[in-house]
> 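One structure follows; several queries about it will come next.
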2 protein chains.
Amino acid sequence: MKTTEAPGTRDRLIGAMFDSLQRKGLHGVGLSEILHDAQAPKGVMYHHFPGGKADLAVAAIEAGAAQIKASLLQVIEAHADPADALKIWWGHAHKRLERSGFERGCPLAAISLESTPDDIALRDALAQAFGAFRELVADLLAGAGIGAKRSTQLAALIVSAYEGSLIQARVAGSAKPVNDTVEMLLGLLRIELANAKESRA
Amino acid sequence: MKTTEAPGTRDRLIGAMFDSLQRKGLHGVGLSEILHDAQAPKGVMYHHFPGGKADLAVAAIEAGAAQIKASLLQVIEAHADPADALKIWWGHAHKRLERSGFERGCPLAAISLESTPDDIALRDALAQAFGAFRELVADLLAGAGIGAKRSTQLAALIVSAYEGSLIQARVAGSAKPVNDTVEMLLGLLRIELANAKESRA
DNA sequence: GAATCTATAGACCGGTCGGTCCAGTTGTCA
DNA sequence: TGACAACTGGACCGACCGGTCTATAGATTC
């Protein structure tokens with residue numbers, strides 16, 4: 001929210017945490033590694049994030065959510081057909097994963113699975129992020145003429161498929177699970193979109 | 001594979017690790033916690049798993065994969081309609097998550113996202129598990145008359161949706177993401193199955 | 001230019017981490 | 001019954017964990 005915050009150490013810390021979440025999750029990295037990546041000493045981190053590691057993670061999740069949202073909005077604006085937009089955007093994630101040697105996946109997924117019900121702030125931030133994500137997709141579909149309820153459900157399926165396909169590709173060291181998932185899903189989506197268009201005509 | 005292995009400490013260790021993987025992932029738990037759960041001292045674990053924590057994790061993944069496979073086969077046998085079978089089986093996972101206060105998800109997903117490309121054995125075991133899982137579903141669909149390629153893709157989508165929906169439900173503390181995902185997916189699946197039946201007639 | 005606040009810097013801490021080592025116990029088979 | 005392997009039990013280790021603390025440097029304000 002505080003967009004006027006001076007860029008610098010704080011953002012470098014968030015960036016380094018974001019990076020680590022993509023690669024190994026929250027418990028997979030030590031503070032020392034994050035601090036090293038961000039070129040920052042310890043004190044400065046507890047200055048900006050008094051709550052420590054978890055606090056920084058929440059900030060990184062929020063930054064990640066904002067970034068995902070922005071990039072999705074961008075492809076939506078560039079492609080009139082929702083199916084095309086989703087395909088492009090999915091391709092981005094897929095290429096990032098592949099180019100990194102199957103190291104970099106979704107920054108939200110790993111920490112989601114490491115979190116316990118006690119991690120209130122963490123799960124809150126994550127739930128909000130995924131919720132916003134689903135809503136964005138649902139709005140896209142509703143805008144293409146699909147009914148509200150069906151758009152919501154379809155959006156849930158799309159986001160689920162997105163996360164799940166990245167998990168599988170990651171461990172397989174192969175893009176095939178993503179490609180198979182996307183091809184089938186987009187095929188079904190196009191039928192859905194065609195039906196929506198027809199029933200409006 | 002060694003099914004004649006005497007039950008006892010070794011299995012208790014695997015069980016405890018399996019449990020932890022569901023709840024917090026690999027790095028989220030210390031050996032001491034696992035050892036405490038399994039009521040076993042340290043030495044015994046390095047006797048059965050010379051490779052340490054990672055070694056035990058691989059064994060737990062293999063055990064988990066076998067368990068998932070068995071339970072899926074069971075519901076498949078009990079329900080002639082593939083869509084019904086998947087619905088029941090998804091319901092099991094969903095209930096386990098809910099009953100545990102959104103603590104217990106898929107035992108494979110968390111460690112998948114924590115793993116790095118260097119964790120060869122780990123990713124191998126995981127890739128094999130997910131692959132077997134997809135294959136099982138694909139066979140089920142092919143058996144219902146859906147073409148081979150389409151069955152493969154649809155299976156990838158189903159497994160992806162399964163994993164992704166559990167992630168979202170977990171952080172949301174709500175079953176809604178799972179319900180939405182399943183309802184939409186099974187609706188599409190039923191159409192697919194009807195088409196397959198028709199084109200065979 | 002003293003006071004104050006924000007930010008940087010890193011030494012330091014107790015605790016826990018994964019892992020090693022070896023001394024006992026138990027089971028098995030000659 | 002003696003030998004030997006499989007297994008159990010836990011003390012012990014150095015490394016690293018997340019976190020605290022104090023010192024100081026720059027900026028801002030009166």
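Every chain is numbered from 1 and lettered A, B, ... according to where its sequence line falls, protein lines coming before strand lines. This structure is a prediction, so every number in the text was calculated from the model and none was measured. For the numbers below, each heavy atom of this structure counts, side chains included, while hydrogens, waters and symmetry mates do not.
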> Check whether any side-chain N or O of A:H27 sits under 4.0 Å from OP1 or OP2 of C:dC17, and answer yes or no.
no

> Expressed in angstrom and rounded to an integer, what is the separation of B:D55 atom CG from C:dG18 atom P?
15 Å

> Check this one for me: any side-chain N or O of B:S32 less than 4.0 Å away from OP1 or OP2 of C:dC17?
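For B:S32, the contact criterion (side-chain N or O under 4.0 Å from OP1 or OP2 of C:dC17) is met.
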
> So, OP1 or OP2 of D:dC7: does either fall under 4.0 Å of a side-chain N or O from B:H47?
yes

> With side chain to side chain donor-acceptor pair (under 3.5 Å) as the rule and sequence neighbours excluded, what pairs involving residues 137-153 of chain A come up?
A:R150-A:E192, A:Q153-B:E183

> Using whole Å, report how far CG of B:L26 lies from P of C:dC17.
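Rounded to the whole Å, the gap is 13 Å.
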
> Let me know the distance between NZ of A:K24 and P of D:dC17, rounded to the nearest Å.
10 Å

> Once side chain to side chain donor-acceptor pair (under 3.5 Å) is applied, do any residues pair with A:E163, and if so which ones, sequence neighbours excluded?
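A:E163: no side chain to side chain donor-acceptor pair (under 3.5 Å) contacts found.
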
> Identify, with sequence neighbours excluded, every residue that meets side chain to side chain donor-acceptor pair (under 3.5 Å) alongside A:E62.
none

> How long is the line joining CZ of B:R10 and C1' of D:dA6, in whole Å?
14 Å

> Quick one: B:Q39 CD to D:dC7 P, roughly how many Å, whole number?
20 Å

> Using whole Å, what does the distance between atom P of nucleotide C:dG18 and atom CZ of B:F49 come to?
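That distance rounds to 15 Å.
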
> Between protein and nucleic acid, restricted to nucleotides 19-24 of chain D and to nitrogen or oxygen atoms under 3.5 Å apart, what atom pairs and distances do you find?
residue, atom, partner, partner atom, Å
D:dG19, OP2, A:Y46, OH, 2.7
D:dG19, OP2, A:K53, N, 3.1
D:dG19, O5', A:Y46, OH, 3.1
D:dG19, N7, A:K42, NZ, 3.1
D:dG19, O6, A:K42, NZ, 2.5

> Do other residues, nucleotides or ligands put more than 12 heavy atoms under 6.0 Å from the NZ atom of A:K69?
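No.
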
> Roughly, in whole Å, what's the span from CG in A:L13 to P in D:dG18?
14 Å

> Can you list the residues that meet the side chain to side chain donor-acceptor pair (under 3.5 Å) rule with B:D37, with sequence neighbours excluded?
none

> By side chain to side chain donor-acceptor pair (under 3.5 Å), which residues pair with B:K87, not counting sequence neighbours?
none

